[in-house]
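This report refers to the structure that appears directly beneath it.
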Amino acid sequence: MAEDVGDVQREAETDIATLLTDSSRLAFRVAYGVLRHREDAEEVAQEAFARAYARRFTLRDRESFRAWLVRLTWRLAIDRQRADRRRLRREQAVTAEPAADSEDLAARRQMEERLWQAVDELPDGLRAVIVLSAMEGHGVREVSVLLDLPEGTVKSRLHTARKRLAEKLRCLVNDTKTD
Amino acid sequence: MSCERYEDGLIEHALGAPPSADVAAHLSSCAACRARLDAERRLAADIDGLLTTALRVEPRDGFEERVRRHVRAADRRAPRAVRWIGVGAGLAAVLAIALLVRPRSDDRGAPVATSTPAAVRATEAPRALPTSIPVAATSTAGLRPATPVRRAATRATVAHDVLVAPDELEAVERLRQYLRARPSTASWTHDAEARLEFDRAAYELPPFTEDPSTGLPQLEVADVPRYEAEPVTSLTTGGGV
């Protein structure tokens with residue numbers, strides 16, 4: 001019986017390791033896409049992962065696990081964002097661009113800030129689609145699996161989301177050019 | 001002015017939709033709209049680029065190890081033995097009682113008589129868990145003097161003093177093996193066998209007196225706890241877990 005328990009524990013450890021490698025960073029990025037705060041995103045991701053892991057036997061395969069994890073992470077991150085409007089700081093994306101002069105950098109940061117503000121103002125359905133599409137090279141099919149939506153719906157939401165973001169940012173681009 | 005009517009189509013086109021015939025015709029003849037199309041495409045590309053770059057972020061070093069610790073801590077907060085103990089104990093108690101006092105096929109569903117009850121039908125959920133099933137030892141003989149349930153039951157090894165009818169043993173054994181084979185319940189099946197402790201008092205039937213004419217115990221049926229028998233049906237058919 002002791003051997004059985006040992007086997008079970010070893011199996012569980014292997015299980016965690018595989019799932020961690022496969023999905024924990026995805027959960028982190030989903031949370032980060034909502035919160036844009038690394039530590040907060042890590043906390044949400046680990047909580048979501050623990051909950052998803054506890055349910056792993058009810059999820060039939062890897063894709064189901066990842067899809068469930070993504071949706072759970074998204075929901076937890078949105079809840080956290082709504083509950084914690086007093087976040088102290090937002091991380092700016094660290095870009096690998098060549099060194100820009102300070103004016104360009106300031107303009108880019110302003111653009112980025114406005115972009116995320118516009119993303120936050122999108123309805124939840126559009127927001128999830130645009131964030132997941134921008135992540136890890138996900139195509140329409142992957143996003144449709146992760147969000148359990150038909151591909152046509154994903155395409156249409158993606159188009160609407162990009163259109164709305166462009167509307168919000170167009171003025172900023174035009175202002176920058178006329179300055 | 002005439003360019004304004006093509007604006008929506010132009011933006012759609014910049015976002016990847018194929019141009020309509022009139023938008024395509026207009027673009028071929030209007031340099032300003034071609035420039036606008038380029039600007040819209042650059043904007044769309046900037047948006048995609050910014051989002052993609054921002055979301056290429058990595059967690060801090062040691063993230064996976066922190067998640068692993070969190071998962072283990074979550075497991076410790078709700079240890080399997082404790083998590084399953086209620087389920088397992090409840091299951092065992094319901095199984096035992098339902099099997100012991102299960103009505104025969106001819107009285108299933110019939111109203112329970114108050115004078116000579118042939119069986120106690122179970123509808124009330126168990127309140128606590130006995131180390132053994134005193135109901136079996138004390139009451140079944142009185143309830144079924146002609147064919148005591150104990151004669152048809154045998155002591156099972158799957159749980160604590162659960163009496164299982166011979167034709168149910170195979171199903172119960174299959175359930176036990178199924179639970180043991182799954183990591184999520186294996187520790188329960190090990191732990192539960194060692195740790196389940198029941199509150200005998202909660203399962204004691206109300207006292208009954210002897211019928212002077214027959215010498216058999218009399219039972220006030222109205223006072224008998226009623227237990228739900230349906231879960232047993234689902235267990236014996238292999239479902240419900």
Side-chain angles (χ1 to χ4, degrees), chain A residues 1 4-5 7-9 11-13 15-17 20-21 24-25 27-30 32-33 36 38-39 41-43 45-47 49-51 53-54 56-57 91-97 108 111-112 115-116 118-119 130-131 133-137 159 162-163 165-167 169-170 173-174 177, chain B residues 7-8 10-17 36 39-78 80-81 83 177 180-191 193-194 241:
Chain A
M1 185 177 292
D4 291 347
V5 174
D7 287 347
V8 167
Q9 283 170 344
E11 196 178 310
E13 284 299 313
D15 223 11
I16 295 182
L20 269 174
T21 307
S24 62
R25 277 164 200 262
F28 165 76
R29 291 198 178 100
V30 169
Y32 187 86
R36 265 103 58 212
R38 194 172 265 147
E39 287 83 352
E42 284 181 7
E43 281 175 23
Q46 69 188 21
E47 177 60 27
F49 189 90
R51 291 194 198 180
Y53 182 78
R56 66 197 180 284
F57 292 117
E91 286 188 353
Q92 298 293 332
V94 178
T95 63
E97 299 282 316
R108 188 181 177 84
M111 172 91 168
E112 201 172 291
L115 171 62
W116 282 114
V119 169
I130 192 91
V131 169
S133 298
M135 192 181 292
E136 298 184 355
H159 182 78
R162 294 175 79 209
K163 194 170 170 182
L165 294 180
E167 278 166 15
L169 294 171
R170 192 171 293 126
V173 173
N174 293 338
K177 278 182 184 166
Chain B
E7 185 169 357
D8 286 346
L10 188 147
I11 290 170
E12 296 287 330
H13 184 33
L15 290 170
R36 172 78 192 279
E40 289 292 337
R41 280 177 170 159
R42 276 197 302 277
L43 175 61
D46 279 351
I47 290 170
D48 289 347
L50 280 172
L51 287 173
T52 305
T53 306
L55 295 173
R56 213 175 279 147
V57 65
E58 293 289 335
R60 294 169 299 167
D61 288 345
F63 170 65
E64 287 186 6
E65 185 48 40
R66 287 194 295 281
V67 177
R68 192 194 307 270
R69 281 203 302 268
H70 187 76
V71 169
R72 286 196 193 118
D75 254 4
R76 275 198 299 275
R77 282 199 299 274
R80 283 180 189 141
R83 272 205 316 259
Q177 287 173 2
R180 279 196 163 202
R182 300 190 59 168
S184 63
T185 52
S187 65
W188 162 59
T189 56
H190 298 313
D191 291 341
E193 285 167 13
V241 177

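Below, chain A is the first sequence line, B the second, and so on; all start at residue 1. Any value given below was found using the heavy atoms of this structure, including those in side chains, with hydrogens, waters and symmetry copies removed.
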Practice problem: Would you check if A:Trp116 and B:Leu50 make a side-chain contact, meaning some heavy-atom pair closer than 4.5 Å? | Solution: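 Counting from C-beta outward, A:Trp116 and B:Leu50 never come under 4.5 Å.
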
Self-check item: Any B:Arg36 side-chain heavy atom under 4.5 Å of B:Ile11 side chain
Solution: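 Contact flag for B:Arg36/B:Ile11 side chains = yes.
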
Tell me, out of [options], who's got the most heavy-atom pairs with chain B below 4.5 Å.
options	value
A:Glu167, A:Arg162, A:Met135	A:Arg162
A:Thr21, A:Ile130, A:Val30, A:Val119	A:Thr21
A:His159, A:Lys163, A:Glu43	A:His159

Give, as side chain, backbone, both or neither, the part of [X] having an atom under 4.5 angstrom from any heavy atom of chain A.
X	value
B:Glu12	both
B:Ile47	both
B:Arg69	neither

Exercise. Using side chain to side chain donor-acceptor pair (under 3.5 Å) as the criterion, list what pairs up with A:Arg25, not counting sequence neighbours.
Key: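 A:Arg25 satisfies side chain to side chain donor-acceptor pair (under 3.5 Å) with B:Glu58 only.
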
Quiz item: Which bit of A:Val131 comes within less than 4.5 Å of chain B, counting heavy atoms only: side chain, backbone, both or neither?
Solution: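 It is both, since atoms from each part get that close.
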
Practice problem: Select one option (side chain, backbone, both, neither) describing which atoms of A:Leu165 are under 4.5 Å from chain B's heavy atoms. | Solution: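 Looking at A:Leu165, backbone and side chain both touch chain B.
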
Self-check item: Contacts of type salt bridge (charged side-chain N to carboxylate O under 4.0 Å, His left out), residue A:Arg51, not counting sequence neighbours
Solution: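 Residues passing salt bridge (charged side-chain N to carboxylate O under 4.0 Å, His left out) with A:Arg51: A:Glu47.
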
Exercise. Report the option among B:Arg56, B:Arg66, B:Arg60 that has the most heavy-atom pairs separated by less than 4.5 Å from atoms of chain A.
Key: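 That would be B:Arg60.
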
Quiz item: Under a 4.5 Å heavy-atom cutoff, which of B:Leu15, B:Val71, B:Asp48 has the most pairs with chain A?
Solution: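 Answer, by heavy-atom pair count under 4.5 Å with chain A: B:Leu15.
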
Self-check item: A:Tyr53 OH to B:His70 NE2 distance, which is reported to the nearest 0.5 Å
Solution: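 One gets 13.5 Å once the value is rounded to the nearest 0.5 Å.
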
Exercise. Would you give the length of the straight line joining atom CZ of B:Phe63 to atom CZ of B:Arg68, rounded to the nearest 0.5 angstrom?
Key: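 The distance works out to 12.0 Å.
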
